[in-house]
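Contents: one structure, followed by commentary.
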Amino acid sequence: MLRFDDRVAIVTGAGHGLGRSHALLLAERGAKVVVNDLGGALDGTGASAGPAAEVVELIRKHGGQAVANTDNVATPEGAEAIVRAAVDDFGRVDVVINNAGILRDRSFGKMSVEEFDGVLAVHVRGSYLVSKAAYPYMKEAGYGRIVNTSSPAGLFGNFGQANYSTAKMGLVGLTKTLGIEGARNGIKANAIAPIAWTRMTEALLPAEFQAKFTPERVSALVAYLVHESCEASGEVFSVGGGRVARVFVAEGPGWKSDEFTPEAIAGNWEAIMAEQPYVLTAGDSMKAML
Ligand code: NAD
């Protein structure tokens with residue numbers, strides 16, 4: 001059994017849905033958990049100490065260790081306070097699960113700058129800030145595990161979610177660079193693109209999805225990714241309903257010519273759009289251009 005005894009985990013947005021499920025699973029397996037949640041509505045407005053406190057109470061009732069935190073992931077002070085809660089109460093920070101998220105859906109033409117910025121602030125800035133605050137402790141320990149929460153909407157696009165999909169693809173870039181930079185310090189970072197029945201999706205998913213697409217079926221992957229035995233880093237996984245798959249950003253074989261004109265490009269469109277054989281790294285992409 002994969003256990004987390006003596007490990008300290010921060011789970012942001014852990015008052016509801018996926019974060020709650022991640023926190024309960026890690027605590028059940030021995031981790032000391034900082035349960036962070038601002039306790040607002042789906043669009044990020046409002047605040048309440050209730051959700052984080054309820055999850056902590058549940059963990060303690062089952063004999064686990066946890067502390068509640070209601071700071072906002074999207075401000076440097078909030079992110080630092082979340083990490084301070086881990087260090088002050090439990091002495092270290094081994095795991096950061098950036099899960100807090102909000103929705104402000106609107107079609108592109110109607111979306112306000114505030115709706116765009118507000119969503120990026122929680123998902124991208126929040127994940128960056130909490131990881132940044134935890135990073136010095138992980139570096140010092142030579143060990144860390146970070147999971148960022150992307151989305152199929154970011155990987156593949158979705159109507160009405162220009163802000164959300166920009167944020168969620170941004171997290172793929174953050175994860176890949178953290179994976180590269182963290183390697184020398186024993187820090188591994190991965191991202192998930194989940195589907196689960198939560199308050200965020202209950203109005204969108206068909207009712208029969210509820211039993212199959214449980215948050216627990218996402219948390220199982222997250223727990224593996226933040227375990228010391230997991231070697232993966234810089235990867236993205238699609239997960240939901242009991243299925244998990246690697247998602248990769250790939251570049252096709254391409255077409256090249258010394259006659260590189262707009263007309264030649266138009267005339268070779270089929271070769272340009274080909275998918276196989278593909279390359280997976282910036283280095284291999286550069287080699288193919290030479
Ligand atoms: P949820 O609304 O149940 O949970 C999100 C939690 O984040 C809430 O408890 C909320 O209070 C908290 N939160 C929001 N802003 C915060 C802030 N600034 N600081 C601290 N906490 C904050 O939704 P969920 O479905 O459990 O979503 C969890 C994550 O998974 C989100 O990042 C979401 O975008 C992502 N996601 C979910 C699905 C899905 O199918 N449910 C799909 C793709 C991605």
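Nothing here was measured: the structure is a model prediction, and the numbers come from that model. First listed ligand is number 1; within each ligand, the first listed atom is number 1.
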| said: Quick one, Leu178 with Ile187, criterion side chain to side chain contact (heavy atoms under 4.5 Å, CB included). Give me CA distance, side-chain angles, the key distance, then yes/no. | reply: CA-CA 8 Å; Leu178 266 176; Ile187 300 169; 5.7 Å; no

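For the pair Leu58 and Arg20, the minimum side-chain heavy-atom distance is below 4.5 Å.
Listed by number with element, the atoms of ligand 1 under 4.0 angstrom from any heavy atom of Gly39 are 11 (O). Atom numbering of ligand 1 starts at 1 in the shown order; those under 4.0 Å from a heavy atom of Ile102 are 14 (C), 15 (N). Those atoms of ligand 1 with a heavy atom of Thr201 less than 4.0 angstrom away are 39 (C), 40 (O), 41 (N). Using a 4.0 Å cut-off to heavy atoms of Gly40, the atoms of ligand 1 that qualify are 11 (O). Taking every non-hydrogen atom of Val122 and a distance limit under 4.0 Å, the qualifying atoms of ligand 1 come out as 15 (N), 18 (N). Ligand 1 places these atoms under 4.0 Å from at least one heavy atom of Gly17: 3 (O), 26 (O). Taking every non-hydrogen atom of Asn36 and a distance limit under 4.0 Å, the qualifying atoms of ligand 1 come out as 20 (C), 21 (N). Applying the 4.0 Å criterion to heavy atoms of Ile195 picks out, from ligand 1, the atoms 40 (O).
Looking from atom 30 (O) of ligand 1 to the surrounding protein, the closest heavy atom is Thr149 CG2, 3.3 Å. Nearest protein heavy-atom neighbour of atom 18 (N) of ligand 1: Asn72 OD1, 2.7 Å. Shortest contact from atom 38 (C) of ligand 1 to any protein heavy atom: Pro194 O, 3.8 Å. Annotation: atom 21 (N) of ligand 1 to nearest protein heavy atom, Leu38 N, 3.3 Å. Among all non-hydrogen protein atoms, the one lying nearest atom 9 (O) of ligand 1 is Asp37 OD2, 2.5 Å. Scanning all protein heavy atoms for the shortest distance to atom 13 (N) of ligand 1 gives Ala100 CB, 3.9 Å. Protein heavy atom in closest approach to atom 3 (O) of ligand 1: His16 CB, 3.3 Å. From the protein, the heavy atom lying nearest to atom 14 (C) of ligand 1 is Gly101 O, 3.4 Å.
Judged purely by atom type and a 3.5 angstrom limit, Asn190 uses its side chain to pair as donor or acceptor with the backbone of Glu235. For the pair Ser107 (side chain) and Gly160 (backbone), a donor-acceptor distance under 3.5 Å is absent. Within the 3.5 Å criterion, the main-chain N or O of Gly142 finds no donor-acceptor partner in the side chain of Asn185. Checking side-chain atoms of Asn163 against main-chain N and O of Arg104 turns up a donor-acceptor pair under 3.5 Å. In this structure, the side chain of Lys176 engages the main chain of Gly234 through a donor-acceptor pair within 3.5 Å. In this structure a side-chain-to-backbone donor-acceptor pair under 3.5 Å is present from Ser233 to Ala189. In terms of modelled atom types and a separation under 3.5 Å, the side chain of Asn36 and the main chain of Gly13 share a donor-acceptor contact.
By the 6.0 Å contact criterion, NZ on Lys132 is open, its count of non-hydrogen atoms from other residues, nucleotides or ligands being 12 or less. Counting non-hydrogen atoms of neighbouring residues, nucleotides and ligands closer than 6.0 angstrom, the CD atom of Glu259 reaches no more than 12 such neighbours. By the 6.0 Å contact criterion, CD on Glu140 is open, its count of non-hydrogen atoms from other residues, nucleotides or ligands being 12 or less. Other residues, nucleotides and ligands contribute more than 12 heavy atoms inside 6.0 Å of the OH atom of Tyr135.
Residue-ligand proximity: Ser150 is placed with a non-hydrogen atom under 4.0 Å from ligand 1. Residue His123 places a heavy atom less than 4.0 Å from ligand 1. A heavy-atom separation below 4.0 Å is found between Ala196 and ligand 1. Using a non-hydrogen distance threshold of 4.0 Å, Thr12 does not register as a contact of ligand 1. Ligand 1 is never approached by Trp197 to a heavy-atom distance shorter than 4.0 Å. The closest approach between Pro51 and ligand 1 stays at or above 4.0 Å for every heavy atom of the residue. Using a 4.0 angstrom heavy-atom cutoff, Asp71 counts as in contact with ligand 1.
When the heavy atoms of Gln161, Met200, Arg199 are ranked by distance to atom 2 (O) of ligand 1, first place goes to Arg199.
Of all the heavy atoms of Asn99, the ones lying under 4.0 Å from any atom of ligand 1 are found in both the backbone and the side chain. At a 4.0 Å heavy-atom cut-off, ligand 1 touches Tyr164 through the side chain alone. Within the 4.0 Å heavy-atom criterion, both parts of Val73, backbone and side chain, lie near ligand 1. Of all the heavy atoms of Leu42, the ones lying under 4.0 Å from any atom of ligand 1 belong exclusively to the side chain.
When each of Arg7, Lys188, Arg145 is checked for a salt bridge (Lys or Arg N to Asp or Glu O under 4.0 Å) with Glu228, only Arg7 meets the rule.
Checked by distance only, ligand 1 and Leu18 come closer than 3.5 Å through their nitrogen or oxygen atoms. Below 3.5 Å of separation, one finds an N or O of Thr198 facing an N or O of ligand 1.
Taking the six-membered ring where the residue is Trp, His123 and Tyr164 present perpendicular rings, their angle passing 60° and hence far from 30°.
Across Thr149 and Lys168, no two heavy atoms sit closer than the pair O-NZ, 2.6 Å.
Connection of Leu26 to Val93 is not established within any shared hydrophobic cluster, with ILVMFWY side chains joined at heavy-atom distances below 4.5 Å, either directly or through further cluster members.
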